[in-house]
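What follows is one structure encoded as structure tokens, with my remarks underneath.
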Amino acid sequence: PTEILDDVTIEADRKHIEYKIDKKIVNVSQDIGSQGGSAVDVLENTPSVQTDIEGNVMLRGSSSFTVLIDGKPTPLEGSEALQQIPASSIENIEIITNPSAKFDPDGVAGIINIVLKQEEKKGINGNVNLAYGSFNAFNGDFLINARTGKFNFFVGGNYSDRVSEGTNESLSARFLGDSTFVTDVDGTGSWGHNGYNARAGLDYFMTDKDIITVSGEYGARGFSRGGTSDNTLFYSDAEDKPFTNAISDPWYYSNDVNFDVTSKYYSGDLNYQHKFNNEGHDLQAYFMYSGSVKDETSGFNRFDTDADFNVLDGASEVKEQSVETGNTGRMRAKIDYTNPFSENGKFEAGYQFRNRIGLSDYEYQIWNGSVYVDDSTQFNDVDFNRQIHASYATFTNQLWKFDYMLGVRGEYTKRDFTSNVLNKSWNYEKFDAFPTVHVSRKLKYEIQLQASYTSRIRRPRSWFLDPFRSKMDEYNYREGNPGLEPAYINSFEFNAQKRFGSHFLALESFYRQTNNLFERITYVDPTNP
């Protein structure tokens, strides 16, 4: 007999981690333990990713990577962007360690793309998430979506306030000829992240094949780090490897340090998509502008003490701080064409222009016993402007059961850096080509093999170029090199995965060769060792 059912519900769990030809996808809904945290908490248990107590993220041992949100650049950079996104608002995370030529080649380690939840059901729907943790940590977010007729509207937001506490011990030695300068530190500290974000967007379905999307966001981010430390400084015999044999009277002092940064950011973008008759065959035009304003303060407060770290009678208070403000504007315009010409074949091509303008103002202040006084000899003011024109093409197909993707990207870069204090400018321009190759093969017994090669670039940041000598603390200065040119990376990968039901075993290997390497070096100032 035939029986009529009211409805049928089919449920299936997605794999926690899925491997594609050029990326791996982390499905956040399968990671229940991270739902009260941020994107950083999701990435803690992801292959190739490392995190620390302060929420900093490293991808394959490098902090040089790009963060995208829904495939679009964000006003925030790297770890600070990941710290701001609540896990409960994320649909999945794409780890693209060897990106194809379609993506910007910037960053040593690749791209982390955050795909946010966005309901598209008809009517009004949404969700709200709240979380509370130790040290009065709080996190909350919401998303509301309304779709009717030719319009789809969404609005969302989040707020977070998280604090971590810890202790630290360190013993460092600076070798100075026949003697060694030793610093022994024992202290406590705290790290705090807070911020909010509001975003909204509108999809207008002009026709069945033409869609216009307008969206924007506004937010703020704060990070603070502070602590108290007891310090012992002395000269030691250079041959005394444990560095405990003092050959001078030790100097004891307590030090309070602080670092606070707040930034407000905004962005707006416009996207037009035209769909052709075949599935996936489309043309997209995209424009985005974003900006950010940053205020950063760091300083220390020192008291001389005895060996038990009790403040000495009549000990003077030494306080210094730096104040830095910066404004950054970014503009990006691009057009992309995608044509899946067969079941396994696809052709992609596009052009992109991007521009970044950054202004930074640095001041240093010294405490005179009652107020902070400007030290104008340490003031700094710089301008940074960089333009990049890029075009790319990729070709994907299958040959002898091997899936492959070939691509090439060309970029012309023009960079201008000006030190207003030194009244000097430095210019740089060059054309570069970036080839990419991806190959994948599925074997029996749920085994998958992947191999790839990509050419990438690491461009120096503004403060890497700044030749003005800025004081970081009592013992360290920072000085850039305006003659720095980009570093070029050849990145090779070979990966293998084997599934056992709901479990899997993965082997991921990579090799990176960096040409024209630039890095931070530390040396003793010969005029003041």
Side-chain angles (χ1 to χ4, degrees), residues 10 14 18 20-23 25 68-74 89-92 94 96 99-104 111 113-126 143-156 199-217 267-290 331-354 389-398 403 405-409 438:
I10 300 175
R14 290 178 295 179
E18 299 179 70
K20 304 295 183 181
I21 189 172
D22 60 341
K23 61 190 171 186
I25 301 174
L68 303 178
I69 299 179
D70 290 332
K72 305 171 185 176
T74 167
S89 68
I90 301 173
E91 184 70 24
N92 59 61
E94 297 176 348
I96 313 173
S100 72
K102 182 177 181 177
F103 297 95
D104 296 340
I111 296 171
N113 181 34
I114 308 296
V115 180
L116 300 177
K117 293 178 180 176
Q118 184 173 346
E119 297 287 350
E120 293 187 355
K121 300 175 183 177
K122 290 186 177 181
I124 299 176
N125 52 82
L143 174 66
I144 298 175
N145 192 90
R147 180 168 184 176
T148 176
K150 292 181 174 292
F151 294 94
N152 181 70
F153 174 78
F154 73 88
V155 60
R199 57 190 177 97
L202 174 68
D203 298 316
Y204 173 46
F205 300 88
M206 302 172 58
T207 67
D208 292 340
K209 298 180 179 180
D210 297 280
I211 305 171
I212 293 180
T213 300
V214 181
S215 64
E217 67 173 324
S267 70
D269 56 73
L270 173 65
N271 188 80
Y272 167 74
Q273 180 184 25
H274 174 75
K275 298 180 181 180
F276 297 94
N277 292 331
N278 297 332
E279 179 72 21
H281 187 190
D282 63 23
L283 177 70
Q284 292 194 51
Y286 173 76
F287 176 83
M288 183 273 289
Y289 183 83
S290 67
M331 189 270 282
R332 182 180 301 244
K334 66 175 183 175
I335 184 167
D336 296 303
Y337 172 73
T338 303
N339 182 7
F341 55 84
S342 68
E343 182 180 354
N344 299 308
K346 182 168 64 174
F347 173 75
E348 297 174 291
Y351 165 81
Q352 176 180 261
F353 169 75
R354 52 181 168 140
H389 296 266
S391 58
Y392 76 90
T394 68
F395 183 82
T396 304
N397 212 336
Q398 188 177 83
D403 295 313
M405 177 189 295
L406 307 176
V408 64
R409 185 182 186 93
H438 294 77

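Residues take their numbers from the sequence shown, with the count starting at 1.
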Less than 3.5 Å apart, which donor and acceptor atoms pair up between the side chains of residues 331-338 and the rest of the protein, not counting sequence neighbours?
residue: R332; atom: NH1; partner: D104; partner atom: OD2; Å: 2.7
residue: R332; atom: NH1; partner: Q352; partner atom: OE1; Å: 3.0
residue: R332; atom: NH2; partner: D104; partner atom: OD2; Å: 3.3
residue: D336; atom: OD1; partner: Y392; partner atom: OH; Å: 2.7
residue: Y337; atom: OH; partner: H281; partner atom: NE2; Å: 2.7
residue: Y337; atom: OH; partner: N339; partner atom: ND2; Å: 3.4

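Taking CZ of R147 as the start and CG of N152 as the end, the distance is 5.5 Å to the nearest 0.5 Å. To the nearest 0.5 Å, the span separating NZ on K275 from CG on D208 amounts to 9.0 Å. To the nearest 0.5 Å, atoms CG (D203) and CD1 (I211) are separated by 7.0 Å.
For the pair Y204/T213, no side-chain contact is recorded, criterion being any heavy-atom separation below 4.5 Å from C-beta on. Under the 4.5 Å side-chain criterion, counting only non-hydrogen atoms from C-beta, R199 is in contact with L143. Side-chain contact between F103 and L68 is present, with heavy atoms from C-beta onward closer than 4.5 Å. D282 places none of its side-chain heavy atoms less than 4.5 Å from the side chain of K209. Side-chain atoms of M206 and I212, non-hydrogen and from C-beta on, do get closer than 4.5 Å to each other.
Taking all atoms of both residues into account, the shortest heavy-atom contact from S100 to M405 is CB-SD, 3.5 Å. The two residues T396 and F341 come nearest to each other via the heavy atoms O-CZ, 4.1 Å. Of all non-hydrogen atoms in S290 and S267, the two that sit nearest each other are CB-CB, 3.5 Å. The minimum heavy-atom distance linking A393 with F347 is given by the pair CB-CE1, 4.3 Å. What you find for N397 and S342 is that their closest heavy atoms are OD1-OG, 4.3 Å. Taking every heavy atom of both residues into account, A101 and G407 meet most closely at CB-C, 3.8 Å.
Under the salt bridge (Lys or Arg N to Asp or Glu O under 4.0 Å) criterion, the residue pairs touching residues 338-351 are K102-E348, with sequence neighbours excluded.
Taking the six-membered ring where tryptophan is involved, the planes of Y272 and H274 are essentially parallel, since the angle between them stays under 30° and well short of 60°.
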request  = Determine, step by step, whether F205 and F151 satisfy the ring-ring contact (aromatic ring centres under 6.0 Å, His included) criterion, reporting the C-alpha distance in whole Å, the side-chain angles of both residues, the deciding distance to 0.1 Å, and the verdict.
outcome  = CA-CA 6 Å; F205 300 88; F151 294 94; 8.7 Å; no
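If you check the side chains of N344 and D403, you find no donor sitting under 3.5 Å from an acceptor. Side chain to side chain, N271 and Q284 meet the donor-acceptor criterion of an N or O pair below 3.5 Å.
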